[in-house]
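Since the structure comes first, as structure tokens, the remarks are kept for the end.
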Amino acid sequence: STSCIQQPSIMVRLIFPVVVKTLFLLIPYSIGATAERDGFNIASTIQLAQETLDRLIVTPHETIVKEDEKDGKNNSVEENTAPPSEMMDGEGAQPDPATEKNEPTTTEQQDDEGAVQDMNLSYDGSDLIEWINSNGGFIHPNARIGLDPTGQYRGVFVKGIGEDGGTSDGIEDDDIIARIPWDLIVKPKDYEYSRYWSCEALHEMHRQFLLGDESPHAPYINYLKNQPRGRMPLEWTDAGKLLLKNILDHEILFDDESGSGLPPSVNLKDFQETWVQECDGEDTPLARAAFYQFTSRDEDTLMVPFYDMHNHSNDPKKLNTISAKPERKGRPFMLRSIRDIEPGEQIFISYNRCNRCWFDKDYKDCTSWSHYGTSQLFDIFGFVEDFPQTWHYRMNVGDERREEWDDLVFCLEASDTDGPLKVTFGDNYSEDLEYEEPVEANIKYLGNQLVRLKELESSMKEDNKLMQSMPKYEWEMAWRYHEALMTSMSAAILASRFADDEVGEAVSGDDEDSGDDSDDEDSEDDDSGDDVEDEEGRDEL
């Protein structure tokens, strides 16, 4: 099984947006005069990063400071403050209702599909819960499937007091929320506890879709078959894929061999490569539906009814459950609470509990292939997760003569409701955190991408004709991911030592120091090569 490793000493930077912004307003020219290196202006990059965060982070912050903490990683996070990273995925990866058809759909056509949308939103899961309870399973009597109080998305909630028998107890710490018997789980015949992928599991899912009403899992299968299509990026329309390809700077969507684009650079669950070629499956609309429902809902090789209807969050103030998959065939799947969950509160699970930035001393032994980062969650599930986020930028920092690959890995958290973003370079799998700090080549890459994304937004986001060429969901989700990329890159730039250096130069105005800095930069370039080699060695950790 995969292990989540606690790292004893982590470099943490706190990012608040205003003091540095004020400094730039006072002394922009002195910074620019000392920071031009080989045609790349670090100061302008820092200023653009600052302006980006000021624009994208809703809550105004009072100052920009960075702070090193040596006491380990702190995973206490308040409610999310940035709209690009809102948890907006109702019912699994279903942020809001969308069209059921998997064909090009204009904004106007979506209005004709309101009946399908309403049916999906209004589903209360009562038939599914009854099926589970009457076949040896258990769903906590205070749990319900339904809409959130705003009526915008579906999830699993604790019943309000008096709501369909809901009691004031809610769900108490360590209560069993769900026990799903083995016979009700859609699983492969070759199930193994530590196996995380199986063509047999996909084929079993397809078989159940073919059976439909005749399936022994009919209440669950019919619910899945009724889900809207087009949620995952590779299911999007051609227009939606083209927009996303431009945002990611890929020549081929999710196939960034050059290393010049943005994550996700490799698609993890491609229908043709995985299902048709590797698993020798047929290419039919029903097979596609089964494939994408499986890959966006599976718990390794299992499809677990009721469990997969919960929404995702890694925010410790929201996440309130822990799951345990069967250690051997015949055992049930269990979901328990990890604290008291009050009436009316949403019940959350984590889709990537073993993510590389996870920090939970009570959950070291992860038993799921769930270490995906934020970009991979977007690839597989089609939504942008809330904070905390895990970012992995793999970039080619070489030139035309030779390729040099480098990885910049960092964790991004919201410290509190009105407080800073917190950047941690490295993750739980880092061996030597000294090598996780970004080098100048990393900052140059991030800066160039920030400029490109800003120009792309200026030229395309107000294009009504382009917007109407794709479903509303694709348009909004593409730009939401665009904002999440800009937020994460800006935070990394401002948390780097280069932001410290430039502010220091601007305040001192010391030309002699500027010259020394140029000499230091030569050594940084030399160190960059060492970093590249070290990063390549750590890539498979």
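These values consider heavy atoms only, across backbone and side chains, with no hydrogens, waters or symmetry-generated copies.
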Does [X] use its side chain to pair, donor to acceptor, with the backbone of [Y] at less than 3.5 Å?
| X | Y | value |
| --- | --- | --- |
| Asp379 | Ser375 | no |
| Tyr445 | Gly261 | yes |
| Lys225 | Gly212 | no |
| Lys241 | Leu234 | yes |
| Gln376 | Gly373 | yes |
| Thr374 | Thr390 | yes |
| Glu474 | Thr237 | yes |
| Arg452 | Ile247 | yes |
| Ser496 | Ile493 | yes |
| Trp236 | Arg231 | yes |

Working to the nearest 0.5 angstrom, can you tell me the gap between [X] [atom1] and [Y] [atom2]?
| X | Y | atom1 | atom2 | value |
| --- | --- | --- | --- | --- |
| Tyr220 | Phe306 | OH | CZ | 12.0 Å |
| Leu453 | Leu446 | CG | CG | 10.5 Å |
| Leu48 | Leu53 | CG | CG | 10.0 Å |
| Ile349 | Asn314 | CD1 | CG | 10.5 Å |
| Asp298 | Gln293 | CG | CD | 11.0 Å |
| Arg297 | Ile380 | CZ | CD1 | 14.5 Å |

Shortest non-hydrogen contact from [X] toward [Y]:
| X | Y | answer |
| --- | --- | --- |
| Phe498 | Pro438 | CE1-O, 3.5 Å |
| Gly125 | Ile145 | CA-CD1, 3.8 Å |
| Leu408 | Met395 | CB-CE, 3.9 Å |
| Asp164 | Lys159 | O-NZ, 3.1 Å |
| Leu450 | Thr52 | CD2-OG1, 4.4 Å |
| Lys461 | Trp475 | O-CZ2, 3.2 Å |

| field | With sequence neighbours excluded, residues passing side-chain contact (heavy atoms from CB on, under 4.5 Å) with Leu210 | value |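 Leu210 satisfies side-chain contact (heavy atoms from CB on, under 4.5 Å) with His206, Leu286 only.
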
| request: Verify side chain to side chain contact (heavy atoms under 4.5 Å, CB included) between His310 and Thr321, making sure each step is shown before the conclusion. | output: CA-CA 10 Å; His310 293 74; Thr321 66; 5.6 Å; no

Student check: side-chain heavy atoms of [X] and [Y] closer than 4.5 Å:
| X | Y | result |
| --- | --- | --- |
| Asp315 | Phe348 | no |
| Thr295 | Met232 | no |
| Val439 | Val397 | no |
| Met460 | His482 | no |
| Asn320 | Ile347 | yes |
| Glu385 | Asn352 | yes |
| Gln346 | Lys318 | no |
| Trp391 | Leu485 | yes |

| query | Going through the checks in order, is the side chain to side chain contact (heavy atoms under 4.5 Å, CB included) test met by Met309 and Tyr123? | reply | CA-CA 11 Å; Met309 296 182 180; Tyr123 178 74; 4.2 Å; yes

| message | With a 6.0 Å cut-off (strictly less than), is the heavy-atom count around NZ of Lys454, excluding the residue itself, greater than 12? | response |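 No, not enclosed.
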
| task | Flag yes if more than 12 heavy atoms outside Glu282 fall under 6.0 Å of its CD atom; otherwise flag no. | result | yes

Going by atom types only, do [X] and [Y] share a side-chain donor-acceptor pair under 3.5 Å?
| X | Y | value |
| --- | --- | --- |
| Asp124 | Ser126 | yes |
| Asp308 | Tyr223 | no |
| Gln272 | Asp283 | yes |

| message | Using side-chain hydrogen bond (donor to acceptor under 3.5 Å, both in side chains), reason through Ser488 and Gln389 one step at a time and then give a plain yes or no. | response | CA-CA 9 Å; Ser488 66; Gln389 297 175 348; 5.9 Å; no

| Option from Phe209, Trp275, Phe294, Phe291 for which ring pair (Phe, Tyr, Trp, His ring centres under 6.0 Å) with His203 holds | Trp275

| query | Stepwise, does the side chain to side chain contact (heavy atoms under 4.5 Å, CB included) test hold for Leu302 with Val186? | reply | CA-CA 6 Å; Leu302 304 177; Val186 180; over 6 Å; no

| With sequence neighbours left out, what residues match Glu278 under salt bridge (Lys or Arg N to Asp or Glu O under 4.0 Å)? |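 In terms of salt bridge (Lys or Arg N to Asp or Glu O under 4.0 Å), with neighbours along the sequence ignored, Glu278 is linked to no residue.
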
| field | Results of ring-ring contact (aromatic ring centres under 6.0 Å, His included) for Tyr307 - residues two or more places apart only | value |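 ring-ring contact (aromatic ring centres under 6.0 Å, His included) list for Tyr307, sorted by chain: Phe333.
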
| Angle class for the Phe381/Tyr351 ring planes (parallel below 30°, perpendicular above 60°, tilted otherwise)? |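 Answer is tilted, since the angle falls between 30° and 60°.
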
| message | So that I can tick it off, tell me whether Arg144 and Glu163 are bridged by a salt bridge, with the cut-off set at under 4.0 angstrom between side-chain N and carboxylate O. | response | yes

| said: Would Arg288 and Phe271 count as a cation-pi pair here, with the cationic atom under 6.0 angstrom from the ring centre and within 45° of the axis? | reply: yes

| message | Would Met486 and Glu457 count as a side chain to side chain contact (heavy atoms under 4.5 Å, CB included) here? Give the steps. | response | CA-CA 11 Å; Met486 294 192 75; Glu457 181 179 7; 4.2 Å; yes

